[in-house]
Number of protein chains: 2
Amino acid sequence: MLHIHKVSELTGVTVRTLRHYDQIGLLQSTSKTEGGHSLYSNGDLKKLQQIQFMKKIGFRLNEIKNMLNSSDWDWSDSLRNQLSYVKQEQENLNKMESALRELIHGMAIEDENNEIAIQKVMQLANSNKVLQQKYRRTLFKERELKLWKKVPNMTSDHPDTLEWIALIGQLKRFINEDPGCSNVQNIIRRMDEKRAETFGGETEFLDKLWDVRMSEKKSEQLGLYPIDQDVLEYMNAAYKIFIGKKG
Amino acid sequence: MLHIHKVSELTGVTVRTLRHYDQIGLLQSTSKTEGGHSLYSNGDLKKLQQIQFMKKIGFRLNEIKNMLNSSDWDWSDSLRNQLSYVKQEQENLNKMESALRELIHGMAIEDENNEIAIQKVMQLANSNKVLQQKYRRTLFKERELKLWKKVPNMTSDHPDTLEWIALIGQLKRFINEDPGCSNVQNIIRRMDEKRAETFGGETEFLDKLWDVRMSEKKSEQLGLYPIDQDVLEYMNAAYKIFIGKKG
DNA sequence: GCTTGAAACTGACGTTACGTCATTTTGTAT
DNA sequence: ATACAAAATGACGTAACGTCAGTTTCAAGC
């Protein structure tokens with residue numbers, strides 16, 4: 001158990017930053033003294049390390065928060081990604097080195113070649129950004145895939161499937177009535193319970209389904225049960241009311 | 001001559017960023033259309049490349065502006081610095097690679113070794129910051145040295161020296177009178193002309209001298225003519241009035 | 001010369017990830 | 001018990017753009 005200053009010293013992250021992470025709920029120390037002083041564990045250090053990497057490749061703090069909070073975060077996958085990122089950056093730096101040498105070499109002479117060399121160096125400086133984006137996408141895709149695997153795949157004969165179809169069917173019958181009425185809200189409550197079972201803390205659930213409908217391709221790819229857009233819209237409206245009542 | 005979008009495309013810097021640099025006077029295109037559209041030259045691209053590097057090692061935009069504006073900026077020095085920075089970063093990444101491998105290797109086992117490995121990785125992630133700071137200092141020191149070489153070194157027998165001594169001597173005689181009076185202001189004007197000759201656009205001149213007096217060590221190191229602090233204070237006051245009248 | 005759609009400009013306000021105080025609490029060494 | 005370093009709390013500040021909305025300019029075809 002380390003206090004905040006020690007963590008800052010060990011990791012090079014400023015105290016203010018740690019407190020900021022605490023505030024926004026990104027990294028809260030596992031334990032606190034009765035007076036409210038933070039005490040960080042080894043697990044917290046691990047998490048901090050992850051945060052640092054994910055920041056480096058361009059994620060924003062709230063994105064990082066979502067990903068780390070999601071129950072299925074794979075620390076080992078992420079480490080392998082880090083390694084592979086490091087190796088790629090090494091290659092980039094090698095290219096950068098030769099480009100710089102070329103530029104320095106041709107510096108005395110002012111000509112066309114020089115312009116090209118300059119552009120080369122600049123693009124290499126950016127290829128680092130490109131690399132970051134690439135790994136951002138990689139991490140994101142991995143996570144998305146894991147999420148999608150949990151979405152009830154309507155073509156498979158997963159036991160959940162029938163229940164989801166039944167629930168959606170029930171909803172359809174009320175599509176011309178008030179989404180706030182008790183019948184509908186009961187169905188929605190059941191759906192929400194099912195959602196909680198299946199997705200744990202994930203709250204983006206409906207947004208996901210929505211996205212699927214928005215792009216036909218995705219739902220083809222994933223072989224999802226096709227839900228009519230009007231039903232989805234209705235469901236969305238009803239769900240919002242449900243959340244409003246709950247919160 | 002390239003318009004802004006082309007530059008953005010070639011370099012990977014966003015249009016908005018280029019415009020921002022334009023606004024703050026960091027990088028203004030050498031020519032514009034009569035309608036006010038920017039047209040960037042190859043020199044501008046060079047400058048942009050410098051800016052990118054200096055940003056990468058942690059300078060702030062206004063610092064970069066100062067350094068690049070200063071007449072004695074050495075593009076070739078800076079490139080060599082970039083190269084040396086790149087090579088150091090390569091080494092860092094190598095260390096990072098083995099640290100990561102160590103962590104991944106020992107991941108299955110949860111023990112003390114693991115904690116140490118985590119800290120190692122985190123510190124390496126920061127060693128990048130340390131490196132940046134180092135090169136920031138390097139660049140800064142080089143520039144400071146060049147500035148100091150232009151400060152009239154009072155122990156040498158540079159032709160300027162005598163005139164500076166004379167001016168300061170004259171100023172001393174008025175030290176008990178109003179720093180705004182015409183006699184004093186005339187001396188100050190002459191000093192300012194001399195300053196402009198010697199330092200070009202550098203406006204930090206008096207601040208520099210001030211700093212020297214503040215730390216005895218510096219003035220020893222540089223072998224500057226010792227100016228009494230009260231004279232400096234008086235000079236400072238008179239100079240401020242002078243600037244006020246001028247502006 | 002005139003139209004026209006794309007690109008550029010000109011503000012203005014928003015945002016992210018902290019930095020920087022200033023003040024109050026809490027931990028701990030004596 | 002007291003004193004003094006560390007930590008918390010809160011509030012405001014900031015750098016470097018992003019984003020949006022409205023206007024102007026450019027180049028290209030008719």
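Chain identifiers are assigned alphabetically (A, B, ...) following the order of the sequence lines, protein sequences preceding nucleic acid strands; residue numbering begins at 1 within each chain.
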Check the phosphate of [N] against [X], side-chain N and O only, distance under 4.0 Å to OP1 or OP2. Yes or no?
X       : N      : answer
B:Thr14 : D:dC17 : no
B:Tyr21 : D:dA16 : no
A:Thr17 : C:dA17 : no
A:Lys55 : C:dC18 : yes
A:Ser38 : D:dA8  : yes
A:His5  : D:dA7  : yes

Output the rounded distance in Å from [atom1] ([X]) to [atom2] ([N]).
X       : N      : atom1 : atom2 : result
A:Glu34 : D:dA7  : CD    : P     : 17 Å
B:Leu61 : D:dT14 : CG    : P     : 16 Å
B:Leu18 : C:dC9  : CG    : C1'   : 14 Å
A:Arg60 : D:dG18 : CZ    : P     : 10 Å
B:Asp22 : C:dA8  : CG    : P     : 13 Å
B:Glu63 : D:dA15 : CD    : P     : 11 Å
B:Met54 : D:dA15 : CE    : P     : 17 Å
A:Arg19 : C:dT23 : CZ    : P     : 17 Å

Inset, instruction - For the side chain of A:Ile4, starting at C-beta, report the closest nucleotide among D:dA8, D:dA11, C:dG27. - result: D:dA8
Legend entry - Options C:dT26, D:dA7, D:dC17, nucleotide nearest the side-chain atoms of A:Thr33: C:dT26
Legend entry - Residue met sooner reading DNA chain D from 5', once B:Ile24 and A:Gly35 are mapped to nucleotides: A:Gly35
Legend entry - NZ (B:Lys87) with more than 12 external heavy atoms under 6.0 Å: no
Inset, instruction - Taking only Lys NZ, Arg NE, NH1 and NH2, and the carboxylate oxygens of Asp or Glu, determine whether B:Glu91 and B:Lys95 approach each other closer than 4.0 Å. - result: no
Inset, instruction - Ignoring hydrogens and angles, tell me if any N or O in the side chain of A:Thr138 forms a donor-acceptor pair with the backbone of A:Lys134 under 3.5 Å. - result: yes
Legend entry - Distance-only donor-acceptor test (3.5 Å): side chain A:Arg16, base C:dT20: yes
Legend entry - Donor + acceptor pair across side chains of B:Arg80, B:Ser84 (<3.5 Å): no
Inset, instruction - State whether a side-chain donor-acceptor pair under 3.5 Å links B:Gln90 with A:Gln90. - result: no
Inset, instruction - Select base, sugar-phosphate, or nothing to describe what B:His20 touches, counting heavy atoms under 4.0 Å on all strands. - result: base
Inset, instruction - Name the nucleic acid region contacted by B:Lys32, choosing base, sugar-phosphate or nothing; use a 4.0 angstrom heavy-atom cut-off, strictly under. - result: nothing
